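All values derive from a computational prediction rather than experimental measurement. Throughout, a chain's letter reflects where its sequence line sits, starting with A, and its residues are numbered from 1.
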Number of protein chains: 2
Amino acid sequence: MRYRISELAEKCSVNKETIRYYERVGLLSKPSRTNAGYRIYPEETVHRMQFIKRMQDLGFSLAEIDKLLGVVDKDNERCMDMYDFLNQKVDEVQKKISDFKRIERMLINLKECCPDEKSLYECPIIDILMNEEKNSKM
Amino acid sequence: MRYRISELAEKCSVNKETIRYYERVGLLSKPSRTNAGYRIYPEETVHRMQFIKRMQDLGFSLAEIDKLLGVVDKDNERCMDMYDFLNQKVDEVQKKISDFKRIERMLINLKECCPDEKSLYECPIIDILMNEEKNSKM
DNA sequence: CTTTACCCTGTACTATGGTACAGGGTTTAT
DNA sequence: ATAAACCCTGTACCATAGTACAGGGTAAAG
């Protein structure tokens with residue numbers, strides 16, 4: 001399956017302009033073109049876009065994603081010091097997982113304080129939260 | 001303990017300008033002032049700043065953090081529809097936790113492909129990755 | 001064969017989250 | 001009593017990650 005830019009955009013739930021933007025900044029390589037100069041993308045680009053979106057959703061910057069894609073592209077330059085980069089990212093990810101678990105508990109606790117399942121007028125738990133912040137080392 | 005702006009900034013590892021910026025956008029309430037107009041912060045603001053930083057690190061926007069702080073501030077307006085907001089955030093957080101776990105495995109796998117603990121020249125796992133992307137529903 | 005729906009490039013604009021002065025007053029250490 | 005180190009407001013600027021035209025060419029459906 002080959003895609004025109006708007007088909008790719010649709011399939012990946014992004015804006016066409018975003019695809020052109022990613023090309024400009026180097027996240028997507030220059031695609032082949034029709035005679036008239038229309039961009040044509042292979043199926044692979046769909047997966048690449050989905051990978052980018054997923055990583056971005058998790059808070060990775062486009063620069064970090066680009067670095068990781070250096071592996072996919074077997075690009076020597078971007079693969080330099082990949083080990084250290086990966087180590088750092090693994091640490092960050094592990095910290096985030098544990099922070100997210102704390103936040104999950106906090107949100108669930110807060111939720112249980114909403115009296116009519118609508119708003120929230122008072123919550124004794126929030127003081128505990130702030131105290132937790134106080135006692136945890138950043 | 002009461003803090004001047006630069007003491008607070010130091011203690012929270014942020015820029016003074018950031019503190020003033022947070023005040024401007026309403027994340028921090030207007031602090032008390034000395035006769036000369038210098039801002040003076042109570043200990044509480046340190047915890048509030050740490051909470052903001054932690055949430056921001058996890059990818060929450062300042063607007064979302066502000067919404068959550070509505071609970072701390074017992075602010076009726078921001079507490080409106082808090083239940084739905086919390087429900088949505090809990091879902092998002094749970095999705096992120098599971099995504100992060102996948103990414104963690106991916107990063108560790110990639111790391112093991114770095115031959116000399118420096119760079120990374122080839123990794124058969126990356127194809128698996130892209131295939132994983134292919135077969136997973138977003 | 002023309003209208004509508006695409007596509008192109010290039011440039012400008014947007015939102016978010018800050019950061020950096022400029023110009024001027026205050027506090028503190030010497 | 002004066003320099004260094006701090007504070008103030010206001011405005012301008014920055015990076016990131018897009019988004020929105022303008023002006024002009026192409027493709028396909030009626």
Side-chain angles (χ1 to χ4, degrees), chain A residues 1-42 45 48-69 78 89 92 96 138, chain B residues 1-42 45-46 48-69 78 89 92 138:
Chain A
M1 187 52 181
R2 329 209 84 216
Y3 302 89
R4 281 190 174 188
I5 194 167
S6 62
E7 293 165 338
L8 180 66
E10 167 105 5
K11 183 123 190 187
C12 300
S13 312
V14 298
N15 204 307
K16 281 181 295 183
E17 314 290 341
T18 302
I19 294 170
R20 286 196 272 252
Y21 172 69
Y22 284 178
E23 182 182 329
R24 251 193 298 136
V25 300
L27 269 177
L28 297 178
S29 54
K30 292 182 192 305
S32 52
R33 302 279 186 134
T34 66
N35 285 343
Y38 289 19
R39 289 171 179 80
I40 294 293
Y41 297 94
T45 309
R48 193 177 174 102
M49 281 298 296
Q50 286 168 349
F51 178 74
I52 293 170
K53 273 193 77 180
R54 189 185 293 276
M55 295 305 282
Q56 203 181 19
D57 238 55
L58 295 178
F60 288 80
S61 70
L62 295 186
E64 289 168 330
I65 297 167
D66 184 56
K67 172 88 182 169
L68 280 173
L69 286 171
R78 278 176 291 162
K89 292 304 146 193
E92 285 173 22
K96 287 204 180 178
M138 304 294 284
Chain B
M1 187 53 183
R2 331 209 81 219
Y3 302 89
R4 282 191 172 183
I5 194 167
S6 61
E7 292 165 340
L8 179 66
E10 166 106 6
K11 183 125 188 185
C12 300
S13 311
V14 299
N15 203 307
K16 279 181 295 182
E17 313 289 341
T18 301
I19 294 170
R20 286 196 274 252
Y21 172 70
Y22 285 177
E23 182 182 329
R24 252 193 297 137
V25 300
L27 269 177
L28 297 178
S29 54
K30 291 181 193 305
S32 51
R33 302 278 187 135
T34 65
N35 285 343
Y38 289 20
R39 289 171 179 80
I40 294 293
Y41 297 95
T45 308
V46 176
R48 193 178 175 101
M49 281 298 297
Q50 285 168 350
F51 178 75
I52 294 169
K53 274 193 75 179
R54 190 184 292 274
M55 295 304 282
Q56 203 181 20
D57 238 54
L58 294 178
F60 288 80
S61 69
L62 296 185
E64 289 169 329
I65 297 167
D66 183 56
K67 172 90 182 168
L68 280 173
L69 286 171
R78 279 176 291 162
K89 291 305 146 194
E92 285 173 21
M138 304 294 285

Exercise for review: Residues of residues 30-39 of chain B with any non-hydrogen atom less than 4.0 angstrom from an atom of DNA chain D: list those, numerically ordered, please.
Suggested key: B:Arg33, B:Gly37, B:Tyr38, B:Arg39
Revision key, fill the gap. For B:Glu23 and B:Lys30, the nearest pair of non-hydrogen atoms, with its separation, is OE2-CG, 3.9 Å
Check your understanding: Is any side-chain heavy atom of B:Tyr41 less than 4.5 Å from a side-chain heavy atom of B:Ile5?
Key -> yes
Practice item. Identify, residue by residue, the members of residues 9-19 of chain B with a heavy atom below 4.0 Å from DNA chain C, and return them in order of residue number, or none. Key: B:Asn15, B:Glu17, B:Thr18
Exercise for review: Would you name the heavy atoms of A:Lys96 and A:Leu58 that are closest together and state the gap between them?
Suggested key: NZ-O, 4.3 Å
Practice item. Let me know the distance between CD of B:Glu7 and P of D:dA5, rounded to the nearest Å. Key: 16 Å
Exercise for review: Using atom OH of B:Tyr3 as one end and atom P of D:dC6 as the other, report the distance to the nearest whole Å.
Suggested key: 17 Å
Review point. Under 4.0 angstrom, heavy atoms only, what part of the nucleic acid is A:Arg20 near: base, sugar-phosphate, or nothing?
Key: base
Check your understanding: Side-chain contact, heavy-atom cut-off 4.5 Å: A:Met49 with A:Val14?
Key -> yes
Practice item. Would you sort out whether B:Glu92 and B:Lys89 count as a salt bridge (charged side-chain N to carboxylate O under 4.0 Å, His left out), showing the intermediate values? Key: CA-CA 5 Å; B:Glu92 285 173 21; B:Lys89 291 305 146 194; 3.0 Å; yes
Check your understanding: Where the side chain of B:Arg78 meets the backbone of B:Asp66, is there a donor-acceptor pair that is under 3.5 Å apart?
Key -> yes
Check your understanding: Rounded to whole angstroms, how far apart are CZ on A:Phe60 and C1' on D:dT16?
Key -> 17 Å
Point to revise | Span of DNA chain C, from the first to the last nucleotide whose atoms fall under 4.0 Å of chain B heavy atoms | key: C:dG17 to C:dT28
Review point. Which heavy atom in B:Ile65 sits nearest to a heavy atom in B:Gln56, and how many Å separate them?
Key: CD1-N, 3.7 Å
Exercise for review: For B:Arg39 and B:Ile19, indicate whether the former's side chain and the latter's backbone hold a donor-acceptor pair under 3.5 Å.
Suggested key: no
Study note, to complete from the structure: In whole angstroms, the gap separating P of D:dC7 from CZ of B:Arg2 amounts to 15 Å
**Study point:** Interatomic distance where CG belongs to A:Leu27 and C1' belongs to D:dA17 [whole Å]
**Key:** 11 Å
Check your understanding: Salt-bridged, A:Arg20 to A:Glu17, with N to O below 4.0 Å?
Key -> yes
Check your understanding: Taking atom P of D:dT16 as reference, at what distance in whole Å does atom CD1 of A:Ile65 sit?
Key -> 13 Å
Exercise for review: Between A:Ala63 and B:Glu23, just flag the one whose closest nucleotide in DNA chain D comes earlier from the 5' side.
Suggested key: B:Glu23
Check your understanding: Is any side-chain heavy atom of B:Val46 closer than 4.5 Å to a side-chain heavy atom of B:Phe51?
Key -> no
Exercise for review: Using a strict 4.0 Å threshold on nitrogen-to-oxygen distance, state whether A:Glu7 and A:Arg4 make a salt bridge.
Suggested key: no
